[in-house]
Enquirer: 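First, the structure itself, so that you have it in front of you.
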Amino acid sequence: MTQTEPLLLYNTLKREKQVFVPQDPNHVTLYVCGPTVYSYAHIGNARPPVIFDLLYNLLSSRYPKVIYARNITDVDDKINAAAAEQKVSIDVISKRYTDIFHEDMAALGIGQPSIEPRATNHIPQMINMITRLITSGHAYEAEGHVLFSVESFDDYGSLSRRDVADMIAGARIEVADFKKHPGDFVLWKPSLEPQPGWDSPWGWGRPGWHLECSVMSEQHLGETIDIHGGGQDLVFPHHENEIAQSVCAHGGKIFARYWMHNGFVTFNKRKMSKSLGNTLVIHELLKHTAGEVLRYLLLSAHYRQPLDWSEQTLTRVQRTVDRVYGVIRDANEKYGPLKAAHDPSNKFMSALLDDLNTPEALAELNNEARCLANADDAETAHAAAGRLLAAGALIGLFQQDPQSWLTGDTEGLDDALIEQLIDERNTSRKERNFARADDIRDQLQAMGICLEDVADGTRWRRSSDQ
RNA sequence: GGCCAGGUGGCAGAGUGGUCAUGCUGCGGCCUGCAAAGCCGUCUACGCCGGUUCGAUUCCGACCCUGGCCUCCA
């Protein structure tokens, strides 16, 4: 049923939702700009990986083969600066933060992309592309640099809707005098001794920062890719420059057919960014918040909208996720082990197929949770749970054991002590010593433990409040 | 200055030309020894001003406000 419904994606190129039609349904290609590994990733950095992980899941449910490439930028001046500051080699920096990035992404339930190419593994290919661009008249050498000539490419500015002429007027930085046009950007630049470098026809140097994505997508996905994604701040200049490089290197062939850009995570309505110093590092957040809660939170707003962060948001999502897990646990106990159905509900799928409308999809998921809680026979319960768990599987939520979810995150708690107190309370209850029983409940409450008296005894869970 | 988003109920956040988003919170109820969990009910929502329309939060225009990009940035 759902297979016949089209997938709509908002294409930044056209500024409208379009029906997604792959150039080859048997080989769908997706490229997403990955991290520059020079420090910890903040929660805003996790938004594209979560969104495109979901898109990858969705595409994989409809097409037999989807290749998803997400690069690692491991040559960059910020890495050089971090290495210099910490007096270690750049490899140490990029290895350390690549590993941490992987840990963080795994905690958020993000699967590995099909390919994770690294810039430093593609230097010869970069040199090759630069050579092609020079030969075809789109790039020129000047004072040890190689620059892309924006005036050589008529469509320059089409993605970001910018006029090349405006760029001169609006230029806020000092323009290097060897540039033919202020908008020309670096493909290759000379390196000085502490900086990393490679031999090239233009001397010892390193690549400019836009080149790697053009080169790696060409090598791993081909000259024309289906979908290219990233944050809205990459539209200009990064993606604009990628288009210029790739289209000119490929004799005018279209580079990416659909461009998708996510909005920012904001903090007090301001963009979260390292330069503003208002970032929340994922690695820190994970110390007291489950990755699944962060994932739900990141999906709770539509991907193109800003997502404002606050402590209240975190608490709210924690409670929502706890509630759904509680419903699943109760149904599990009542109706036996519940299993995911083959497919989520049509409403859920329709929401996702409409440009990844995750808030609507989550609303539907919550409706199914309520449906499950209201079920009063096994058949209804299994049907509701099947839809709920299938939806969760696609979107990357509610796949953990509900019992361990509700009791699990209790570091520093002594299970034996909890059980002992519960026994003592139940003894008091039998003796109708309710004052004593309530004291014990309060004592456990203070420990962050919430008691629930059910038909066959007393069970406990950690409190939803942090 | 140029370009681009957005202003929805106590809060978060979808959506629609004329019935319901959903979540969190508050309030009332069911249940409970009391609770918790869950369920049910509930709280004059659509920035401002005009226009189109039988009817606009939804379409059109003006205005106000917020944020983003134009420099590294997810």
Side-chain angles (χ1 to χ4, degrees), chain A residues 12 15 32-36 38 41-52 76-78 81 157 160-163 165-167 169-174 183 209 229-238 240 261-266 268-276 279 296-297 300-310 312-313 315-324 326-327 329-331 347 351 354 357-367 369-370 372-374 376 406 429 432-435 437-438 441-442 445 449-454 458-461 463-464:
Chain A
T12 308
R15 311 286 164 119
V32 175
C33 291
T36 301
Y38 71 103
H42 62 72
I43 190 67
N45 297 132
R47 206 172 183 193
V50 168
I51 289 157
F52 292 104
D76 180 274
D77 287 353
K78 289 191 289 291
S160 56
R161 312 227 162 155
R162 253 162 246 266
D163 194 85
D166 290 345
M167 269 174 253
R172 277 159 45 184
I173 53 160
E174 210 171 312
W209 72 294
Q232 271 167 1
D233 48 359
L234 297 183
V235 174
F236 188 89
H238 187 55
E240 199 71 73
H261 293 97
N262 63 273
F264 306 120
V265 174
T266 59
N268 294 327
K269 305 290 180 190
R270 304 299 305 275
K271 177 185 176 185
M272 189 182 284
S273 74
K274 284 170 184 166
S275 50
L276 287 173
T279 61
Y296 191 113
L297 196 159
S300 68
H302 182 81
Y303 78 89
R304 282 188 282 113
Q305 294 306 125
L307 175 62
D308 200 46
W309 183 278
S310 72
Q312 296 91 300
T313 317
T315 309
R316 182 194 327 135
V317 172
Q318 175 78 249
R319 288 185 185 175
T320 304
V321 175
D322 282 352
R323 196 195 85 251
V324 175
V327 166
R329 176 196 58 181
D330 290 353
K347 279 179 91 173
D354 182 13
N357 191 336
T358 52
E360 197 174 309
L362 290 174
E364 185 53 24
L365 201 147
N366 277 291
N367 284 334
R370 181 158 15 87
L372 177 60
N374 278 331
D376 46 16
L406 292 167
R429 289 172 72 208
R432 305 197 67 78
N433 182 356
F434 295 122
D438 291 348
R441 184 212 299 290
D442 293 344
Q445 187 70 50
I449 298 299
C450 186
L451 295 186
E452 298 174 15
D453 294 327
V454 288
T458 299
R459 66 190 180 193
W460 61 273
R461 63 200 282 179
S463 167
S464 288

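Note that these values count all heavy atoms, side chains included, but never hydrogens, waters or copies made by symmetry. Below, chains carry the letters A, B, ... as their sequence lines are ordered, and counting in each starts from 1.
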Enquirer: Looking at Asn45(A) and His42(A), would you say the former's side chain and the latter's main chain have a donor-acceptor pair under 3.5 Å?
Expert: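 Side chain of Asn45(A) to backbone of His42(A): a pair is present.
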Enquirer: Under a 3.5 Å cut-off for both distances, is G18(B) Watson-Crick or wobble paired, and to whom?
Expert: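 Here G18(B) is engaged in a pair, and the nucleotide opposite it is C54(B).
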Enquirer: Could you state the NZ-C1' distance from Lys269(A) to C65(B), rounded to the nearest angstrom?
Expert: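 Those two atoms, NZ and C1', are 13 Å apart.
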Enquirer: Starting at CG of Asn374(A) and ending at C1' of C40(B), how long is that distance when rounded to a whole Å?
Expert: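 Asn374(A) atom CG is separated from C40(B) atom C1' by 9 Å.
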Enquirer: Who does U66(B) pair with, Watson-Crick or G-U, both distances under 3.5 Å?
Expert: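 A5(B) is the nucleotide pairing with U66(B).
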Enquirer: Base, sugar-phosphate or nothing for Asn366(A)? Non-hydrogen atoms, less than 4.0 Å.
Expert: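 Answer is sugar-phosphate: Asn366(A) comes under 4.0 Å of backbone atoms only.
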Enquirer: Given the P atoms of A21(B) and A14(B), what is the spacing between them in whole Å?
Expert: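 My reading of the P atoms in A21(B) and A14(B) gives 16 Å.
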Enquirer: In whole Å, I'd like the distance from the CG atom of Asp376(A) to the P atom of C30(B).
Expert: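 Result: 21 Å.
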Enquirer: When you compare the side chain of Ser300(A) with that of Leu307(A), does any pair of heavy atoms fall below 4.5 Å?
Expert: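 Sidechains of Ser300(A) and Leu307(A): in contact.
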Enquirer: For the pair made of CZ in Phe236(A) and P in C69(B), what is the distance, rounded to whole Å?
Expert: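 Atom CZ in Phe236(A) sits about 13 Å away from atom P in C69(B).
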Enquirer: Identify whether any heavy atom of Leu234(A) sits under 4.0 Å from a base atom; if not, whether one sits that close to sugar-phosphate; answer base, sugar-phosphate or nothing.
Expert: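 Here Leu234(A) touches the backbone only, sparing every base.
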Enquirer: Hey, does the side chain of Glu240(A) reach the backbone of Ser160(A) with a donor-acceptor pair shorter than 3.5 angstrom?
Expert: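 Pair found, side chain donor or acceptor close to backbone of Ser160(A).
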Enquirer: Between Arg429(A) and A35(B), does any side-chain N or O lie under 4.0 Å from OP1 or OP2?
Expert: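 Answer is no, no contact under 4.0 Å.
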Enquirer: Let me spell it out: for each of Val317(A) and Tyr303(A), pick the nucleotide of RNA chain B with the closest heavy atom. Which residue's pick is nearer the 5' end?
Expert: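 On the 5' side of the pair lies Tyr303(A).
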Enquirer: Check the distance between G6(B)'s C1' and Arg15(A)'s CZ and give it to me in whole angstrom.
Expert: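 After rounding, the reported distance stands at 15 Å.
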Enquirer: Taking N and O atoms by type only, does the side chain of Arg47(A) place a donor or acceptor under 3.5 Å from a partner on the base of A74(B)?
Expert: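 When only heavy-atom distances are counted, Arg47(A) does not reach the base of A74(B) through any donor-acceptor pair under 3.5 Å.
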Enquirer: Below 4.0 angstrom from OP1 or OP2 of C24(B), is there any side-chain N or O of Arg323(A)?
Expert: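 Yes, because at least one side-chain N or O of Arg323(A) sits under 4.0 Å from OP1 or OP2 of C24(B).
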Enquirer: Where the side chain of Ala301(A) is concerned, which of G2(B), U22(B), A14(B) is the nearest nucleotide?
Expert: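 From the listed options, A14(B) comes nearest.
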Enquirer: Output the rounded distance in Å from CG (Asp308(A)) to P (A74(B)).
Expert: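 Those two atoms, CG and P, are 19 Å apart.
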Enquirer: Using the P atom as the point on both nucleotides, what is the distance between U8(B) and G15(B), in whole Å?
Expert: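 Roughly 14 Å separates the two P atoms.
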Enquirer: Rounded to whole angstrom, note down the C1' distance from A56(B) over to C49(B).
Expert: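 About 15 Å, rounded to a whole number of Å.
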Enquirer: Kindly say if Lys271(A) contacts the phosphate of C69(B), meaning a side-chain N or O under 4.0 Å from OP1 or OP2.
Expert: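 It does, given that an N or O in the side chain of Lys271(A) lies less than 4.0 Å from OP1 or OP2 of C69(B).
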Enquirer: For the pair made of CZ in Arg459(A) and C1' in A36(B), what is the distance, rounded to whole Å?
Expert: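 Taking CZ of Arg459(A) and C1' of A36(B), I get 10 Å after rounding.
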Enquirer: Would you say Arg319(A) places a side-chain N or O within less than 4.0 Å of OP1 or OP2 belonging to U25(B)?
Expert: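 Result: yes.
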Enquirer: OP1 or OP2 of C73(B) less than 4.0 angstrom from a side-chain nitrogen or oxygen of Asn45(A), does that happen here?
Expert: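 Asn45(A) to C73(B) OP1/OP2: no side-chain N or O under 4.0 Å.
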Enquirer: Taking for each residue the nucleotide of RNA chain B bearing the nearest heavy atom, is the 5' side occupied by His302(A) or by Arg162(A)?
Expert: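 Comparing both residues, the 5'-ward one is His302(A).
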Enquirer: Has the side chain of Asp163(A) got a donor or acceptor that lies under 3.5 Å from a partner of the other kind on the base of G2(B)?
Expert: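 A donor-acceptor contact between them is absent.
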Enquirer: Which nucleotide, in any strand shown, forms a Watson-Crick or G-U wobble pair with C24(B), with both distances under 3.5 Å?
Expert: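 Answer to the pairing question: G10(B), which forms a Watson-Crick or G-U pair with C24(B).
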Enquirer: In whole Å, what separates the P atom of U22(B) from that of C40(B)?
Expert: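 Looking at atom P only, U22(B) and C40(B) are 10 Å apart.
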Enquirer: Tell me the interatomic distance from Arg441(A), atom CZ, to A37(B), atom P, rounded to whole angstroms.
Expert: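 Rounding to the nearest Å, CZ of Arg441(A) and P of A37(B) are 11 Å apart.
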